[in-house]
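Structure first, then comments.
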Amino acid sequence: MNTQLVRDYLLGLQQRIVTTLERLDGQAFIADAWQREPGGRLEGDGLVRLIENGAVFERGGVNFSHVRGRVLPPSATAHRPELAGSPFEAMGVSLVMHPHNPFVPTVHMNVRMFAALPADRDPVVWFGGGMDLTPYYGFERDAQHFHRTCRAALEPHGQDLYPRFKQWCDEYFHLKHRNEPRGVGGIFFDDYAEGGFDQAFGLLQSVGDAFLPAYEPIVERRHGLAYGERERDFQAYRRGRYVEFNLVFDRGTLFGLQSGGRTESILMSMPPVARWRYDWSPEEGSPEARLYSDFLRPREWADEVPTHLWF
């Protein structure tokens with residue numbers, strides 16, 4: 001288990017992503033380094049990279065953290081009860097970008113490594129992560145491109161991985177209390193250690209490296225489109241769903257809060273503005289209604305052929 005190798009990759013990935021997003025926006029991300037001293041529930045360090053009120057991104061963060069703790073929290077051992085009570089080490093890069101323009105989708109990406117360190121056996125190491133797209137106004141071309149990029153990243157590691165990880169993403173990013181997907185999905189995996197450390201880490205790198213090719217062209221294509229108060233109002237309404245998922249279901253958020261992590265870093269995924277309405281539904285035949293009818297349902301996006309160059 002070479003944790004330094006993983007740390008070096010993750011810090012490099014964070015910087016590459018921030019550099020590209022700064023170029024897209026024109027505004028620099030702030031850098032906020034933090035450290036937890038030994039003796040508390042957690043020790044370790046991290047680096048928050050945050051943008052607020054940029055030209056393209058209303059709020060977003062690309063965070064690195066590397067922590068060690070005395071006891072794995074319940075969210076990390078739900079599927080591995082034999083590791084309950086073990087010390088642990090965890091590191092990862094997690095990002096969420098909330099653009100100003102409602103025609104540019106919100107995006108989430110996370111790549112991480114966990115190591116449980118039971119006293120009576122060798123370390124148990126696994127990887128997890130993925131990326132998913134949450135549009136407010138649907139463009140088939142964007143969803144198709146995002147999924148094809150995810151599939152291409154996974155294919156060198158096994159032809160079966162994209163269908164598995166896509167289905168996992170569709171099932172994971174689902175608001176059970178509303179019976180509604182969060183967005184158009186992507187890929188998601190957890191507890192992954194197939195082929196041993198080197199192969200599993202190689203898959204993690206492929207996923208991390210695919211983020212910019214998956215998202216950057218969508219931002220460039222959409223951020224200049226004109227929008228008004230109607231589109232911003234619907235964006236805020238749909239952002240409410242994002243908040244609901246992150247606070248109720250997201251394992252990363254729950255892990256961070258349960259383990260005593262840095263609250264501001266954990267909650268940087270929240271959008272700056274969100275709204276809720278009572279018993280509201282979009283007007284039939286509207287672009288807002290099309291999001292529900294055509295996009296908020298599982299589709300085999302990577303196999304579809306674009307029918308319109310712009311849409």
Side-chain angles (χ1 to χ4, degrees), residues 3-36 42-68 89-101 104-114 127-134 146 186 204-220 223 239 242-243 246 250-253 255-257 259-274:
T3 57
Q4 187 62 46
L5 191 67
V6 180
R7 180 185 171 97
D8 290 345
Y9 168 74
L10 292 173
L11 283 169
L13 175 67
Q14 180 192 37
Q15 185 57 54
R16 282 188 282 129
I17 291 173
V18 167
T19 298
T20 298
L21 296 180
E22 286 179 332
R23 177 182 58 77
L24 288 172
D25 191 276
Q27 178 174 307
F29 281 56
I30 67 168
D32 180 18
W34 57 269
Q35 188 163 1
R36 289 285 185 90
L42 283 180
E43 62 180 70
D45 67 302
L47 178 62
V48 174
R49 302 299 306 275
L50 184 75
I51 186 170
E52 290 184 310
N53 295 315
V56 174
F57 300 109
E58 191 170 9
R59 189 167 196 260
V62 186
N63 291 354
F64 166 80
S65 64
H66 182 185
V67 297
R68 291 165 291 277
E89 181 174 4
M91 68 178 79
V93 166
S94 181
L95 71 82
V96 176
M97 302 305 300
H98 292 291
H100 281 286
N101 193 319
V104 183
T106 284
V107 72
H108 159 258
M109 192 275 290
N110 174 269
V111 282
R112 58 189 181 272
M113 184 206 82
F114 272 87
F127 295 88
M131 66 182 91
D132 66 287
L133 199 67
T134 304
F146 191 83
L204 182 90
Q205 292 173 282
S206 293
V207 172
D209 293 347
F211 170 73
L212 288 173
Y215 188 57
E216 181 182 359
I218 297 173
V219 177
E220 292 179 328
H223 78 86
R239 281 174 169 178
Y242 209 90
V243 172
N246 279 21
D250 187 71
R251 288 178 64 182
T253 301
F255 170 82
L257 296 175
S259 62
R262 196 166 181 261
T263 301
E264 288 300 328
S265 300
I266 297 163
L267 297 183
M268 68 88 193
S269 63
M270 296 297 112
V273 176

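All values below were derived from every heavy atom in this structure, side-chain atoms included, with hydrogens, water molecules and symmetry-related copies excluded.
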Kindly compute the distance separating CG (Leu5) from CD (Gln205), expressed to the nearest 0.5 Å. 7.0 Å
By side-chain hydrogen bond (donor to acceptor under 3.5 Å, both in side chains) - contacts of Glu58 (at least two apart): Arg232, Arg239
Who passes ring pair (Phe, Tyr, Trp, His ring centres under 6.0 Å) against Phe211, sequence neighbours left out? Tyr215
Report yes if the side chains of Val107 and Ile218 come closer than 4.5 Å at any heavy-atom pair, otherwise no. no
Under 3.5 Å, is there a donor-acceptor pair between the Asp132 and His108 side chains? yes
Kindly indicate whether the side chain of Asp209, heavy atoms from C-beta on, has any atom under 4.5 Å from the side chain of Tyr9. yes
With sequence neighbours left out, the residues meeting ring pair (Phe, Tyr, Trp, His ring centres under 6.0 Å) with Phe64 are none
Contacts of His66 that satisfy side-chain hydrogen bond (donor to acceptor under 3.5 Å, both in side chains) - sequence neighbours left out: Arg7, Arg68, Glu89
Any donor and acceptor pair, going by atom type alone, linking the side chain of Gln27 with main-chain N or O of Ala55 inside 3.5 Å? no
Using a 4.5 Å cut-off on heavy atoms from C-beta on, say whether the side chain of Thr3 contacts that of Met113. yes
Do any N or O atoms from the side chain of Asn63 and from the backbone of Ser94 form a donor-acceptor pair under 3.5 angstrom? no
Measure the spacing between CG of Leu47 and CG of Leu10 and express it to the nearest 0.5 Å. 12.0 Å
Is the shortest heavy-atom distance from the side chain of Leu24 to the side chain of His223 under 4.5 Å? no
Show the nearest heavy-atom pair for residues Val56 and Asp25, with the distance to one decimal. N-OD2, 2.7 Å
Thr20 versus Arg16: any side-chain heavy-atom pair under 4.5 Å? no
Of all heavy-atom pairs linking Ala214 and Met131, the shortest is CB-SD, 4.0 Å
Salt bridge (charged side-chain N to carboxylate O under 4.0 Å, His left out) partners for Asp32, two or more places apart: Arg262
Using side-chain heavy atoms (C-beta onward) and a distance below 4.5 Å, is Ile51 in contact with Met97? yes
Between Ile17 and Arg49, does a side chain to side chain contact (heavy atoms under 4.5 Å, CB included) hold up when you go through it step by step? CA-CA 10 Å; Ile17 291 173; Arg49 302 299 306 275; over 6 Å; no
Enter the distance from Phe57:CZ to His98:NE2 here, rounded to the nearest 0.5 Å. 11.5 Å
Taking all atoms of both residues into account, what is the closest heavy-atom pair of Ser269 and Tyr242, and its distance? O-CE2, 4.1 Å
Closest contact, heavy atoms only, Gly61 versus Leu50: CA-CD1, 4.1 Å
Going through the checks in order, is the side chain to side chain contact (heavy atoms under 4.5 Å, CB included) test met by Leu21 and Val62? CA-CA 10 Å; Leu21 296 180; Val62 186; 4.2 Å; yes
Please find the pair of heavy atoms, one from Pro99 and one from Val104, that lie closest to each other, and give the distance. CG-CG1, 3.4 Å
Which heavy-atom pair separates Ser65 from Trp34 by the least distance, and what is that distance? CB-CZ2, 3.8 Å
Partner set under side-chain contact (heavy atoms from CB on, under 4.5 Å) for Val243, not counting sequence neighbours: Leu247, Met270, Pro271, Ala274, Trp276
